Asks: 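Below is the structure I would like to discuss, written out as structure tokens.
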Amino acid sequence: MPKRLEFWFDVGSPTAYLAHTQMPGIAARTGAEIAWKPMLLGGVFKATGNTPPGTVEAKSAYYGIDLPRFAKRYGVPFRRNPFFPIMTLGLMRGCLAAQRDGCFQTYADAVFTAMWVEEKNTGDLDVLREVLTAAGLDADALFAATQEPAIKQQLIDNTEEAVSRGAFGAPTFFVGDEMFFGQDRLDFIEEALAS
């Protein structure tokens, strides 16, 4: 039975974007099943008392250097979004709706790319509609699904579960009960999957 890698994320996290670009390679090299776990990063911060790196001047400056450094290492494009921070509540509910409707990977790839490569304001519904439509998705159906009580509750439940298991930011990963935080821990994750 293949090992399972839980990837807890919010599309508003640039480090989650970088980690997302590496998931196919990790799955191919290790044979692991990737379980994509949408959570609301703002809710995680509120529950844990953590703050976004961008709110600390020195951290923000360092991220301006470190994120492009990792993008170069991974061989992926990355641009800092001028609209950041973007409220991701609707986007993360959309992840859950896309999972339910069987179009998650297309949705996640489109939203991550729009936000962290194309510098689009994905918090603007008109912009998001264009992004999703260009990816071949039914934007209006996904928008409607984000208002369903079950989808809203699932995001709350996911976020609470992440916090209860020790998450304090994104991306957070679990291999079994072992937690890893940050896209710069992917080598440790591969080791855990290989053991």
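Remember, predicted model here, so these are calculated numbers, not experimental data. In what follows, every heavy atom counts, from backbone to side chain, and hydrogens, waters and symmetry copies are set aside.
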Asks: Taking only residues two or more places apart in sequence or in another chain, which ones pass side-chain hydrogen bond (donor to acceptor under 3.5 Å, both in side chains) with Q153?
Replies: D157
Asks: Could you measure the distance from the CD atom of Q154 to the CE atom of M39? Nearest 0.5 Å is fine.
Replies: 14.5 Å
Asks: Among T113, D109, T15, which residue satisfies the side chain to side chain donor-acceptor pair (under 3.5 Å) criterion with H20?
Replies: D109
Asks: Got K152 and R93 here, is their nearest side-chain heavy-atom distance under 4.5 Å?
Replies: yes
Asks: Determine yes or no for a side-chain-to-main-chain donor-acceptor pair under 3.5 angstrom, with R79 supplying the side chain and V117 the backbone.
Replies: yes
Asks: Would you be so kind as to tabulate the donor-acceptor pairs closer than 3.5 Å made by side chains of residues 58-65, with sequence neighbours excluded?
Replies:
unit_1, atom_1, unit_2, atom_2, d
S60, OG, R80, NH2, 3.3
Y62, OH, D66, OD1, 3.4
Y62, OH, R69, NH1, 3.4

Asks: Do any side-chain atoms of residues 177-186 form donor-acceptor pairs under 3.5 angstrom with protein atoms, and if so which ones, sequence neighbours left out?
Replies:
unit_1, atom_1, unit_2, atom_2, d
Q183, OE1, Y74, OH, 2.7

Asks: Identify whether V111 and L41 are in the same connected component of the hydrophobic contact network (ILVMFWY, side-chain heavy atoms under 4.5 Å).
Replies: no
Asks: Return yes when atom CZ of F188 has more than 12 non-hydrogen atoms of other residues, nucleotides or ligands closer than 6.0 Å, and no otherwise.
Replies: no
Asks: So if you build clusters from Ile, Leu, Val, Met, Phe, Trp, Tyr with side-chain heavy-atom gaps below 4.5 Å, do M115 and L67 land together?
Replies: yes
Asks: Any chain of hydrophobic side-chain contacts (each under 4.5 Å) joining L40 to V163?
Replies: no
Asks: Can you check whether T122 reaches N81 side chain to side chain, under 4.5 Å on heavy atoms?
Replies: no
Asks: Give the cluster check for V11 versus V131: same hydrophobic cluster or not, with ILVMFWY residues linked at side-chain heavy-atom distances below 4.5 Å.
Replies: no
Asks: Search all heavy atoms of W116 against all heavy atoms of S13 and return the closest pair with its distance.
Replies: NE1-O, 3.8 Å
Asks: Closest heavy-atom contact between G169 and V44?
Replies: N-CG1, 3.7 Å
Asks: Working to the nearest 0.5 angstrom, can you tell me the gap between T106 OG1 and D101 CG?
Replies: 12.0 Å
Asks: Answer yes when R29 and E190 have at least one side-chain N-carboxylate O distance shorter than 4.0 Å, and no when they do not.
Replies: yes
Asks: Using a 4.5 Å cut-off on heavy atoms from C-beta on, say whether the side chain of M92 contacts that of F9.
Replies: yes
Asks: Using a 3.5 Å distance criterion without hydrogens, assess whether the side chain of T133 forms a donor-acceptor pair with backbone atoms of E130.
Replies: no
Asks: Determine the minimum heavy-atom distance between P14 and G12, stating which atoms define it.
Replies: CD-O, 3.5 Å
Asks: For K46, is the NZ atom crowded, meaning more than 12 foreign heavy atoms sit under 6.0 Å from it?
Replies: no
Asks: With side chains defined as the heavy atoms from C-beta onward, is the minimum distance between L96 and N158 less than 4.5 Å?
Replies: yes
Asks: The test is side chain to side chain contact (heavy atoms under 4.5 Å, CB included); show your working for M23 and L5 and say whether it passes.
Replies: CA-CA 9 Å; M23 290 301 103; L5 172 59; 3.9 Å; yes
Asks: Indicate yes or no: at least one non-hydrogen side-chain atom of I156 is less than 4.5 angstrom from one of T159.
Replies: no
Asks: Please check: side-chain N/O of K37 versus main-chain N/O of A162, any donor-acceptor pairing under 3.5 Å?
Replies: no
Asks: Any idea which heavy atoms bring P38 and L155 closest together, and the distance?
Replies: O-CD1, 4.1 Å
Asks: Do any side-chain atoms of residues 140-150 form donor-acceptor pairs under 3.5 angstrom with protein atoms, and if so which ones, sequence neighbours left out?
Replies:
unit_1, atom_1, unit_2, atom_2, d
D140, OD1, R129, NE, 3.2
D140, OD1, R129, NH2, 2.9
T146, OG1, F143, O, 2.6
E148, OE1, R100, NH1, 2.6

Asks: Rounded to the nearest 0.5 Å, what's the gap from CZ on F84 to CG on N121? Could you check?
Replies: 12.5 Å
Asks: S195 side chain to A192 main-chain N or O, any donor-acceptor pair under 3.5 Å?
Replies: yes
Asks: Identify whether F173 and Y17 are in the same connected component of the hydrophobic contact network (ILVMFWY, side-chain heavy atoms under 4.5 Å).
Replies: yes
Asks: Would you say the side-chain atoms of D124 pair up with the backbone N or O of D126, donor to acceptor, closer than 3.5 Å?
Replies: yes
Asks: Who are the salt bridge (charged side-chain N to carboxylate O under 4.0 Å, His left out) partners of E118, not counting sequence neighbours?
Replies: K120
Asks: Determine, using ring centers only, whether W36 and Y107 are less than 6.0 Å apart.
Replies: no
Asks: With side chains defined as the heavy atoms from C-beta onward, is the minimum distance between L91 and L128 less than 4.5 Å?
Replies: yes
Asks: Is there a side-chain contact between I189 and L193 (heavy atoms, below 4.5 Å)?
Replies: yes
Asks: Could you tell me which residues satisfy side-chain hydrogen bond (donor to acceptor under 3.5 Å, both in side chains) with E6, sequence neighbours excluded, listed by chain and number?
Replies: W8, R165
Asks: Tell me the closest heavy-atom pair linking L132 and A139, and the distance in Å.
Replies: CB-CB, 4.0 Å
